[in-house]
Each structure stands twice: as structure tokens, then as C-alpha cells.
*Asks:* 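Starting off with a structure, shown below.
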Number of protein chains: 2
Amino acid sequence: MESSVGLRERKKEATRQAVHEATLRLTVEHGFDHVTVEAVADAAGISRRTFSNYFTGKEDALLHGEEQQIRDLVRTVRDRPAEETAWAALRAAMTQFAERVAPPEREWALRTRLAMQHPSLLARQLANHAALERDLAEAVASRRSPSQKSVRPLVLAAAFLSSLRIAMRMWIEEDLAREPAEVIDEILDEMACRFD
Amino acid sequence: MESSVGLRERKKEATRQAVHEATLRLTVEHGFDHVTVEAVADAAGISRRTFSNYFTGKEDALLHGEEQQIRDLVRTVRDRPAEETAWAALRAAMTQFAERVAPPEREWALRTRLAMQHPSLLARQLANHAALERDLAEAVASRRSPSQKSVRPLVLAAAFLSSLRIAMRMWIEEDLAREPAEVIDEILDEMACRFD
DNA sequence: AGAATAATTGCGCAGTGGGCAATATTGCTC
DNA sequence: GAGCAATATTGCCCACTGCGCAATTATTCT
């Protein structure tokens, strides 16, 4: 059994992904609050009850994609060469990130993020960000000498994620006119100050 | 009728405040998710249905206080003398803010913010912050020459509110050992870099 | 194969948000 | 003051939600 992860796990993950995608599809199609959990479950081929076993609500299901992306981002930061500055590592990871976001999903992103005007979604999204901010701060902290002030990583992570958020918002509001990487760079430069 | 604001408005505001306080009281008493809207409405002397006319949910009602505080903060920033730097104005406003928060509500804050561990509350809180970030950015923008880059206020506001958030979290996690103003200053210094 | 473990499902229930229409309250004009 | 328009409150109702519980089904292990 060379499968590092059992069939059970893989199937579960596949289902989770399917539910996520069903939520996404139905949302761009009908609008977030005209989609019932039942409809999503139906589209994903599971029962309403099972939906609750995977996600606590529609919001989580819809944002699952983004959460994965940011989780990847954190992992990337953690794996950057140790000699890099923290801020440099963050920027590098971000570049990698922007590349993977850009190519396929332009209008996809458009409608998705537009649906994200919804208060309930915005809230959940920011809560995710906050949770991952901790992880990001840890990843940053693990690459500095322990003599450094312990608040530095927290501040760095927060500044960085705020930049990301602002850049995304601007990108959307400019109707995806520019390359994501360009917008992100602009914001990061503005935020950068003395972090490098 | 010298009342700049009619009796109607004032009464409405009083009710809103009453509902907010009832929510707060019941929450510290029984825990957030053991409090029903009905109980709150009851305690505030209104019907369950009327509660919905004031707030969209328990979270909003509970966070109404904080929202007011930040709204005040924004107003204060707007009213700072025009010759001040943006960042200086923010710091000054913050000092004023911290003073008003500190004196009465120490354990109050403790239990309140502790209740804010609740995911649903955290989410709504952050959404509020995001909404007010726009206003704050505007307030900042209105005090600079229009030649400046337009993203600067956005970044400033975000950095500032992130600092506030981090400081609050640290303050809580240190069990209110230090003065709020002290913690806030520490974080702001760390974030400050070149903003002044 | 058969037992152990874990996932899916149906059922039920208390709670919720909000539309709608009836009712009560407030503000304004005479 | 009285009468009227504007606005706030309430009750009723219903679709939707999250979750506990127990039965059923699928998977993994020995």
C-alpha cells in the first residue's frame, strides 16, 4: 500500500472539493442567497445532512478554495530558503501565488469576488484570513533569530495579508484591467516601508 | 424645538442601545450561543420581530458598541488639525480612544472579548472593521494633497486598523496586565516604519 | 470472511430572518 | 387641542438552517 493517504481520505477530499465546486457554480448562477444547502447537496450528490459534516455552512463551502490557496501560500513561505529576509520570502511566495491565480480564472474570479460583496461572505472570508494570519506569523517567526521582538512576525503577517486583501479589492474594482501581480506589487511597495 | 434630532430618532437610538446592552449582559451571563434572540428581545422589552428591525442578528447587536467606538475614532481623525501628518493624526486619535476605553471596562472587556473567541463573532467583527476601513481611508485621504498616490490612504488605514486589532488581541492574551495605550503604542511603533 | 472503524443518511427540533398586513405611536398642520 | 400622514411595532407564518441521535452503509484491518 504505497498510497501515503488511504482511499478513505482521498474520497473524502474529493467529495469536499465536489461540494465546494457545486456551491461555487450554483452561486454564480443564481446568487448566493438564492442557493439553499439542499440544492448544493443535491448537485454534489450527497444528502443535506452530509453537507453539514463537511462544512458548517454555505459560506465555508464557497470559500474553501480560497482557504486552500492561502494555506498553500503559508506553506510556500515556510519552504523558502532560510537566508531570505522574511519580507523577501513573503514577496517571493506572493509572486508564485499570483501566477497560479492569474491564468484561467479571470471572469471566474470576477463573478466570484463580486458575489463576495455579500456581507456574510465577507465576514467569513476575513475570519479565515485572521486564522491563517496566525500560521503565517509562525512561519515568519521561525526564520528569525529568537532575539527579535516577538511582535514583529505578527505585524508582518498582518501587514502582508492586508496588502493582499487591498490588492485583490483594487484588482476587482479595476475590472481586472491589470495583471494581478502588478497590483499586488504596487500595494506591497507602498506597505513595505522598512520591512526589508 | 431646539432638538436637532427629533424625539422619534432619539427614542429609536435609546432602544437600539438597550437592545445592545441586553445582548451584552445576557451573553456574559450565559454564553453567546445559549442566548436566543427571543430572550434578548424580552430583556429589552420589545418583540422578537422588532429585534430584527434593529439588528440582523445577535452578532450585530453585540458588536454595536464597538462599531460606535470605531465610528467615533474615525470622526476624531477627521477632526484633527489639518497640519498634522496622517499617521500622527491616527496616533493622536488612538490615544484619545484608548483613554476612553481603559477606565471602566476592564473585566467587562475581558469577558466580552473572550466571548469574541466565538467564530461567528470574530467574523462579524472583522467585517465591521473592513467597512470602517473605507471610511478611515477617506478621512485620511481628505487631509493630503491630491497629488499623492491614491492607494496610500488605503494602506495606511489598513495598517492602522490591523495594529489596533493585534494590540487588542495581545492585551487580552496578557490578561489585561498592561495599560491598553502601552500595548497599542508598541504595535504602532513596530508598524510605523516610514509612515510618519 | 468477519469484526472494527468510520462515513452517510433520515428524522426531528429549536432557532432564525424576513415578508406581509394590522396596529400603535409620533410629528406636523391647522 | 384634533386630524392626518409618516413611521415604528407587532403577530403570524414559512422556508431555511445547524446539529444531536440512532440506524444504515461503506471501508479498512486482521
*Asks:* Heavy-atom contacts under 4.0 Å between residues 19-40 of chain B and DNA chain D, which residues?
*Replies:* none
*Asks:* Measure CD1/A:Ile46 against P/C:dT9 and give the value in whole Å, please.
*Replies:*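 My rounded result for the distance is 7 Å.
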*Asks:* How about B:Glu38: does its CD atom have over 12 heavy atoms from other parts shown lying under 6.0 Å from it?
*Replies:*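 For B:Glu38, atom CD is not crowded (no more than 12 foreign heavy atoms under 6.0 Å).
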*Asks:* What residues in residues 51-65 of chain B put a non-hydrogen atom under 4.0 Å from any atom of DNA chain C?
*Replies:* B:Thr56, B:Gly57, B:Lys58
*Asks:* Can you pull out how bent the helix from C:dA1-D:dT30 to C:dC30-D:dG1 is, comparing the axes over its first five and last five pairs, to 10°?
*Replies:* 30°
*Asks:* Answer yes if the side chains of B:Asn53 and B:Arg49 hold a donor-acceptor pair under 3.5 Å, and no otherwise.
*Replies:* yes
*Asks:* Thinking salt bridges, do B:Arg124 and B:Glu67 make one under a 4.0 Å N-O criterion?
*Replies:*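 Judged by the 4.0 Å cut-off on N to carboxylate O distance, B:Arg124 and B:Glu67 do not form a salt bridge.
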*Asks:* Distance check needed: C:dT8 P versus A:Asp42 CG, whole Å only.
*Replies:* 16 Å
*Asks:* Sorted by first residue and then second, give each ring pair (Phe, Tyr, Trp, His ring centres under 6.0 Å) pair with at least one member in residues 35-77 of chain A; sequence neighbours left out.
*Replies:*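 For residues 35-77 of chain A: A:His20-A:His64, A:Phe55-A:His64.
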*Asks:* So which atom in A:Gln125 and which in A:Leu63 form the shortest heavy-atom distance, rounded to 0.1 Å?
*Replies:* N-CD1, 3.5 Å
*Asks:* With sequence neighbours excluded, tell me which residues meet ring-ring contact (aromatic ring centres under 6.0 Å, His included) with B:His129.
*Replies:* none
*Asks:* Using a 4.0 Å heavy-atom cut-off to protein, can you give one letter per nucleotide of nucleotides 21-28 of chain D, 5' to 3': B if the base is in contact, S if only the sugar-phosphate is, - if neither?
*Replies:* B----BBS
*Asks:* Can you tell me whether the side chain of B:Arg10 and the base of C:dG27 have a donor-acceptor pair closer than 3.5 Å?
*Replies:* no
*Asks:* Do B:Leu26 and B:Val28 sit in one hydrophobic cluster, given that two such residues count as connected whenever their side-chain heavy atoms are within less than 4.5 Å of each other, even indirectly?
*Replies:*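 Different clusters.
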*Asks:* Shortest non-hydrogen contact from B:Val183 to B:Ala167?
*Replies:*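 Of all heavy-atom pairs spanning B:Val183 and B:Ala167, the closest is CG1-O, 3.6 Å.
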*Asks:* Before accepting this row, confirm whether a basic side-chain N of the pair B:Arg16/B:Asp60 lies closer than 4.0 Å to the acidic partner's carboxylate O.
*Replies:* no
*Asks:* Taking all non-hydrogen atoms of both residues, which atom of B:Met191 and which atom of B:Trp87 are closest, and how far apart?
*Replies:*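 Smallest interatomic distance, heavy atoms only, reads CG-CH2, 4.3 Å.
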*Asks:* Would you indicate, yes or no, if D:dT9 has its OP1 or OP2 atom less than 4.0 angstrom from a side-chain nitrogen or oxygen of B:Thr50?
*Replies:*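 No.
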*Asks:* Cluster question for you: counting only ILVMFWY and a side-chain heavy-atom cut-off of under 4.5 Å, with indirect links fine, are B:Leu121 and A:Leu126 together?
*Replies:*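 Each belongs to a different hydrophobic cluster.
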*Asks:* Does a salt bridge link B:Arg165 with A:Glu133, judged by any charged N lying under 4.0 Å from a carboxylate O?
*Replies:*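 So B:Arg165 pairs with A:Glu133 through a salt bridge.
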*Asks:* Check this for me: does any side-chain nitrogen of one of B:Arg113 and B:Glu66 sit under 4.0 Å from a carboxylate oxygen of the other?
*Replies:* yes
